[in-house]
Amino acid sequence: MAIENIKTSKGWADQDHVPGLKSELLELNMGPQHPATHGVLRLVLLTDGEVVYKVTPVMGYLHRCAEKIAEGVNYKQWVVYTDRFDYLSPMTCNHAYVTALEKVMQQEVPERAEHIRIVVSELSRMASHLIALATFGLDMGAWTPLLYCFREREVILDLLERISGGRMLYNYMVPGGVRYDVPKDNWASDVIDFITMIENKKLKDYNELLSFNKIFIGRLANVAVIDPQTAIDYGCTGPVLRGSGVKFDCRKDDPYSLYHKFDFEIPVGMGEKGTVGDCWDRYMVRVREIEQSCRIIRQALESLPDGPYQAIELKKIVKAPAGAAYSRVESAKGELGHYIIADGGQTAFRNKVRSPSFCNLQVMEKVGVGLMISDLVALIGSLDIVLGEIDR
Amino acid sequence: MQILTDLILKIPGADGMSDLVMHIICAAIMATLMFIVMALCALIFTWMERKVAGFLQSRYGPMRTGRWHGWAQAIADMLKILAKEDIIPRDADRGLYVFAPILVMLGSLLAWAAIPWAPGFVAADLDLGLMYIFAVSSMAVVGILMAGWASNNKWALYGAARGAAQMISYEVPLALATIPVVMYTGSLNTQDIVIAQQGGMLNWFIFRDPFLFVAFFMYFIAGIAETNRGPFDMPETESELVAGYHTEYTGMRFAFFFLAEYANLFLIALIAVMIFLGGWWAPIPFLDFLPPALTFIIKGVMMVFLNMWVRWTLPRVRVDQLMHLCWKVMIPVTLICVIGSGIWMMVSGQAG
């Protein structure tokens with residue numbers, strides 16, 4: 001109600017209340033060095049007191065020419081660059097690239113490799129969502145959940161280190177499989193132990209501490225509502241789209257890998273505490289997705305088949321026949337797509353990345369209008385952007 | 001003060017001093033003592049806050065500096081902050097910029113004067129003690145506003161505007177919550193208030209009547225807001241306003257704000273102990289052997305712990321929700337407490 005008034009009226013600051021004394025909107029520069037912008041995002045705000053009139057996201061502070069580099073390095077070497085897109089869930093980024101690459105190369109992947117890929121991708125998704133919860137709590141002024149979520153993420157990093165050798169940037173997936181097999185030292189059962197702990201105990205803790213906290217709900221319910229049509233119009237994907245009540249998930253609606261084999265649900269925002277598509281819905285979708293990821297991991301590990309984990313010998317250079325392919329996966333942030341044009345050589349002619357954070361961020365220009373500065377921080381937190389992916 | 005005067009008189013040649021000189025010397029000693037205690041408190045509480053935060057967040061907090069649980073961390077930080085360059089932004093309003101931290105500090109320092117540590121041991125034994133405390137501690141608002149304005153930084157200005165609105169608003173329920181106590185005591189003198197709670201826990205004002213019980217919690221909430229700490233840390237809101245009103249401050253000037261925050265934290269806790277929790281009186285006769293000042297400080301530290309617990313558990317409220325809470329919930333409730341306590345006094349025959 002209030003927001004509509006702000007959008008239509010000229011606002012307090014635009015009117016001359018005292019004759020001869022002019023008042024104007026305040027231009028405020030939020031970022032690129034600002035604790036709430038999750039990296040180096042810069043927002044140019046036009047504010048009237050606490051209320052924001054105009055938001056203009058300015059990007060490019062983390063631009064590393066990754067897509068151009070793809071034209072210079074060979075296919076396999078570029079896997080390391082995908083790690084650095086969404087550095088909070090690099091496995092899904094790896095996955096997105098190798099699926100597209102395998103489509104171009106027409107490369108089959110062994111079933112065991114697909115299972116391992118799904119397990120590590122879902123672990124990565126959980127790690128990313130844990131950080132999303134943690135930093136979102138931090139944006140809302142709750143410090144303690146940050147440490148709790150990081151504690152659990154640490155276990156995931158340990159697990160992924162054991163399978164891939166890296167803690168943060170894995171470079172784990174290769175065209176036609178994964179780099180290493182599942183370690184022999186009870187890795188699978190450790191993963192099962194971990195997800196059991198998350199399901200039975202930790203999620204309850206988070207919900208008690210943060211999700212159903214009265215102040216937290218008061219801050220988020222009915223705030224920065226993205227209605228379903230807007231979400232679709234702006235090309236939002238992932239938890240942002242599902243938070244608006246649109247049931248779309250690449251794992252279900254455009255199954256890749258072996259996701260069609262597994263039984264899981266797609267949580268959507270239902271407006272339990274306010275309107276469908278408010279910040280709380282987007283937050284809660286992530287909490288519920290952690291639960292679903294646990295389910296997928298359990299199924300994938302329990303049905304882990306024997307066999308090779310790579311289709312082809314690890315060679316330094318792979319070649320792809322001339323052609324083009326687009327492939328998308330559901331990364332932690334949304335639909336992550338790679339469009340590869342191959343010219344028959346060792347490098348891609350062109351590699352275009354459709355990054356979910358970039359599209360999700362655009363909605364801010366529309367939804368951010370009329371919010372208070374504190375709510376804008378909530379909006380940024382609930383979009384869960386990663387600047388490495390936006391700027392590439 | 002009497003103890004101090006006697007001590008000074010024992011010094012050879014002190015007999016001939018006029019009353020005025022004696023008074024000034026006493027006041028200077030007392031002020032120095034208060035300043036040292038306050039600085040010490042700030043040091044101890046910064047360390048304590050880190051340990052409490054660590055405890056609540058399933059980690060240790062500082063462990064290295066000084067070997068035993070990082071006890072020297074606060075001292076090391078203080079030394080570091082002293083060595084920092086003192087930056088004044090080019091376009092800042094220099095006068096205000098320099099004066100603001102002093103004013104904030106002064107506000108809490110002056111208020112400390114009227115705290116009754118033990119029977120007869122109070123720096124300024126004022127008849128209007130409680131009112132004096134609230135009056136001088138509201139000076140901090142001016143300091144915060146000055147700091148935000150003088151910094152020539154938009155975020156600092158936002159922090160200052162929020163801080164001013166918040167602190168002025170929450171002074172109302174803070175003061176209102178203490179009025180029932182004043183009604184019971186019939187005096188604003190801080191010593192009298194504590195003396196009126198003599199005789200075991202049930203004589204503490206918090207347990208005198210149900211309205212006072214509610215008033216205590218109102219005081220506690222308003223106290224958190226008054227000290228600008230989470231969940232009401234609007235002037236700082238590090239995730240929204242960078243660092244609020246002290247964004248541009250560095251080195252010792254920043255340390256002044258920091259010191260004032262922790263001094264205020266302890267001050268508000270001590271006032272709560274003084275007016276609701278029996279001041280220096282031990283809760284049960286068994287503990288009477290403890291020195292009164294120690295009892296008083298222990299209670300104060302427990303209140304501070306409660307404050308830290310709240311800070312490290314709850315998310316922050318939004319600025320409009322904060323105002324809503326103050327004007328639409330807390331002020332009516334405290335007003336009801338005042339009226340209810342008055343009626344309770346009449347009915348139970350305790351009216352003075």
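Here is the naming used below: chain letters follow the sequence lines, and residue numbers restart at 1 for every chain.
For A:Leu26, the part sitting under 4.5 Å from any heavy atom of chain B is the side chain, from C-beta outward, and nothing else. Only the side chain of A:Met372 comes within contact range of chain B, judged by heavy atoms closer than 4.5 Å. With a 4.5 Å cut-off on non-hydrogen atoms, A:Asn213 touches chain B through its side chain but not through its backbone. Only the side chain of A:Tyr148 has a heavy atom closer than 4.5 Å to any heavy atom of chain B.
Within 6.0 Å of the CZ atom in B:Phe55, the count of heavy atoms belonging to other residues, nucleotides or ligands does not exceed 12. Counting heavy atoms of neighbouring residues, nucleotides and ligands inside a 6.0 Å radius, atom CE of A:Met168 exceeds 12 of them. For CD of A:Gln33, the number of neighbouring non-hydrogen atoms (other residues, nucleotides, ligands) closer than 6.0 Å is 12 at most. Atom CZ of B:Arg94 has 12 or fewer heavy atoms from other residues, nucleotides or ligands within 6.0 Å. A 6.0 Å sphere centred on CD of A:Glu27 holds no more than 12 heavy atoms belonging to other residues, nucleotides or ligands. Heavy-atom neighbours of A:Phe212 CZ from other residues, nucleotides or ligands within 6.0 Å: above the threshold of 12.
For residues 313-325 of chain B, heavy-atom neighbours of chain A at less than 4.5 Å comprise B:Thr313, B:Leu314, B:Pro315, B:Arg316, B:Val317, B:Arg318, B:Val319, B:Asp320, B:Gln321, sorted by residue number. Contact residues of residues 142-160 of chain B toward chain A are B:Lys154, B:Trp155, B:Tyr158 (heavy-atom distance under 4.5 Å).
Using a 3.5 Å distance cut-off with no hydrogens or angles, the side chains of B:Arg311 and A:Thr144 do not pair a donor with an acceptor.
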Exercise. Begin from the C-alpha positions of B:Arg59 and A:Arg151 and carry the test side chain to side chain contact (heavy atoms under 4.5 Å, CB included) through to its verdict.
Key: CA-CA 10 Å; B:Arg59 58 187 175 90; A:Arg151 181 185 61 194; over 6 Å; no
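Side-chain contact between B:Arg162 and A:Ser374 is present, with heavy atoms from C-beta onward closer than 4.5 Å.
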